[in-house]
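Notes follow once the structure below has been shown.
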Amino acid sequence: MEKRYTDYNTYLRSLFGCRVQKISLDAGLSCPNRDGTLGISGCIYCNDKGSGTGGFCQGLSITQQISQSMDKMTRRYKAKKFIAYFQSFSNTYAPLSKLKQIYDEALTFPDVVGMAIGTRPDCVSPEILDLLAGYSKTHLIWIEYGLQSANDTTLKRINRGHTVQCFLDAVSETKNRGISICAHVILGLPGETPETMRHTAQVIADSGIDGIKIHLLYVIRNTPLDALYQRGEYTCMTREEYTDRVCEFLELLPSRMIIQRLTGDPHPKELIAPLWALEKAQNLFHIQHTLEMRNTWQGKYRPSEK
């Protein structure tokens with residue numbers, strides 16, 4: 001089936017002419033929602049690894065993490081080029097000198113053609129963005145802002161610690177610097193309705209960013225969300241519900257926007273629910289099949305895209 005959305009792998013291949021693979025990195029950084037600046041418990045769905053690999057706790061340097069991953073991905077995916085993805089916690093939340101050190105280390109590898117920096121919209125400054133803009137002259141640079149929802153009530157409910165306006169301000173400050181902008185959103189957050197999620201899609205579409213990662217909210221062991229789930233105060237989405245929401249979301253996004261992710265990758269040993277979240281290939285097929293059956297596509301209801 002021909003994909004009915006603008007996928008990330010095709011985008012990278014169009015730029016570099018080969019298979020490009022992301023390497024997830026853990027630089028040992030923290031988060032203002034963990035170190036006491038905003039809070040200590042983090043967002044309700046986040047565990048103490050901060051969505052990362054735990055490589056730093058294993059004593060692995062950035063160089064070691066990249067070297068090990070390059071070997072594995074070359075064998076498994078036949079990848080020839082790589083994106084250094086600073087994933088764990090907030091990867092602009094450190095002194096500028098520290099950030100320059102870890103970014104420089106990642107880019108010493110000739111086959112690392114770019115960086116993706118995962119962070120919060122309240123953890124950037126003009127100086128940090130200038131640093132990233134400098135790298136964009138020779139490498140592909142993406143900054144990935146965790147928005148999660150364009151509803152301030154939801155952001156407060158999940159203990160996010162910032163507002164929607166904070167995200168929009170960060171996007172505005174980042175634009176026109178040669179840095180591509182990606183937003184992370186989560187579907188199925190507590191208290192959200194299909195209308196709430198479509199509103200998030202509309203805000204994302206209107207923001208003028210370049211890419212998006214859409215995640216399913218799943219329950220990870222020993223998180224505040226786990227406690228809610230065990231008390232019966234949170235119910236996970238079914239695969240059918242999630243598929244519906246993703247398809248509706250895509251319809252509202254500009255067709256040019258790069259879809260970097262349509263679901264998450266929970267660790268099997270950490271996942272509590274829903275168990276179908278582990279079936280990534282089946283979930284992606286279900287989304288593509290539903291788009292086909294409904295004869296719909298990314299950007300269908302985006303007026304400027306008609």
Side-chain angles (χ1 to χ4, degrees), residues 8 22-39 42-43 45-56 62 65 83-107 114-136 139-150 155 158-186 203-204 207-215 258 260-261 264:
Y8 187 55
K22 262 186 172 181
I23 296 175
S24 295
L25 300 173
D26 181 350
L29 303 184
S30 185
C31 167
N33 213 7
R34 284 277 180 182
D35 69 0
T37 302
L38 294 174
C43 304
Y45 48 78
C46 189
N47 66 10
D48 57 8
K49 289 184 181 179
S51 300
T53 63
F56 180 82
I62 297 298
Q65 292 178 54
I83 304 290
Y85 177 28
F86 288 89
Q87 180 181 21
S88 302
F89 294 111
S90 301
N91 292 280
T92 56
Y93 189 57
L96 193 65
S97 58
K98 171 66 174 178
L99 297 177
K100 186 177 188 305
Q101 174 193 334
I102 60 175
Y103 299 159
D104 284 352
E105 184 176 355
L107 294 178
M115 289 192 300
I117 312 296
T119 192
R120 294 167 55 95
D122 56 354
C123 290
V124 290
S125 65
E127 293 76 19
I128 291 172
L129 293 173
D130 285 344
L131 175 64
L132 294 176
Y135 295 121
S136 73
H139 293 79
L140 177 66
I141 303 297
W142 280 83
I143 191 164
E144 302 186 8
Y145 288 126
L147 171 61
Q148 319 312 358
S149 170
L155 295 182
I158 65 175
N159 197 39
R160 185 68 189 160
H162 65 72
T163 62
V164 177
Q165 189 59 50
C166 179
F167 165 79
L168 296 174
D169 290 344
V171 168
S172 178
E173 187 68 35
T174 307
K175 284 181 178 179
N176 302 316
R177 293 177 182 265
I179 304 167
S180 297
I181 306 170
C182 178
H184 289 233
V185 299
I186 299 176
V203 170
I204 291 290
S207 71
I209 65 171
D210 307 288
I212 189 169
K213 287 185 175 180
I214 304 173
H215 301 266
I258 310 300
Q260 294 201 20
R261 182 176 286 277

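This chain uses plain numbering: 1 for the first residue, then up along the sequence. These values consider heavy atoms only, across backbone and side chains, with no hydrogens, waters or symmetry-generated copies.
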Side chain to side chain, Cys31 and Arg120, heavy atoms closer than 4.5 Å: yes
Asp169: salt bridge (Lys or Arg N to Asp or Glu O under 4.0 Å) partners, not counting sequence neighbours: none
Any donor-acceptor pair under 3.5 Å from Asp210 side chain to Ser180 backbone: no
Nearest heavy-atom neighbours spanning Ala94 and Leu29: CB-CD2, 4.0 Å
Residue pair His139 / Leu107, side-chain heavy-atom distance below 4.5 Å: yes
Contact check, side chains of Ile23 and Tyr85, non-hydrogen atoms, under 4.5 Å: no
Lys175: partners by salt bridge (Lys or Arg N to Asp or Glu O under 4.0 Å), with sequence neighbours left out: none
Spacing of CD1 belonging to Ile186 relative to CZ belonging to Arg160, to within rounding of 0.5 Å: 7.5 Å
Residue pair Glu144 / His184, side-chain donor-acceptor N/O under 3.5 Å: yes
Within-4.5 Å side-chain heavy-atom neighbours: His215 and Tyr45: no
Gap separating the NZ atom of Lys98 from the OH atom of Tyr103, nearest 0.5 angstrom: 11.0 Å
Heavy-atom pair with the smallest gap, counting every atom of Trp142 and Cys182: CE3-CB, 3.7 Å
Test item: Gln65 side-chain N/O and Asp26 main-chain N/O as donor-acceptor pair under 3.5 Å: yes
Where Tyr145 and Pro121 come nearest, the two heavy atoms and their spacing: CD2-CA, 3.8 Å
Working for side-chain contact (heavy atoms from CB on, under 4.5 Å), residues Gln260 and Lys22: CA-CA 11 Å; Gln260 294 201 20; Lys22 262 186 172 181; 3.2 Å; yes
Partner of Tyr93 under side-chain hydrogen bond (donor to acceptor under 3.5 Å, both in side chains), chosen from Asp35, Asp122, Asn33: Asp35
Exam field: side chain Asn91 to backbone Ile117, donor-acceptor pair closer than 3.5 Å: no
Donor-acceptor contact below 3.5 Å, side chain His162 vs main chain Cys123: no
Side chain proximity check, Ile212 to Tyr8, heavy atoms < 4.5 angstrom: no
Closest non-hydrogen atom pair, Thr92 against Thr119: OG1-OG1, 2.6 Å
Minimal non-hydrogen separation, Ser207 against Val171, with atom names: O-CG1, 3.9 Å
Ile62 side, atom CD1; Asp104 side, atom CG - distance, nearest 0.5 Å: 12.0 Å
Distance, nearest 0.5 Å, that separates OG1 of Thr174 from CG of Leu129: 4.5 Å
Atom pair CD1/CD1 of Ile209 and Ile204 - distance to nearest 0.5 Å: 4.5 Å
pair Met115-Leu140: side-chain heavy atoms closer than 4.5 Å: no
Side chain to side chain, Ser30 and Ser90, heavy atoms closer than 4.5 Å: no
Closest heavy-atom pair and its distance - Arg34, Gly42: NE-CA, 3.9 Å
Nearest-0.5 Å distance, CZ of residue Phe86 to OG of residue Ser24: 11.0 Å
Close side-chain approach of Asn159 and Cys43, heavy atoms under 4.5 Å: no
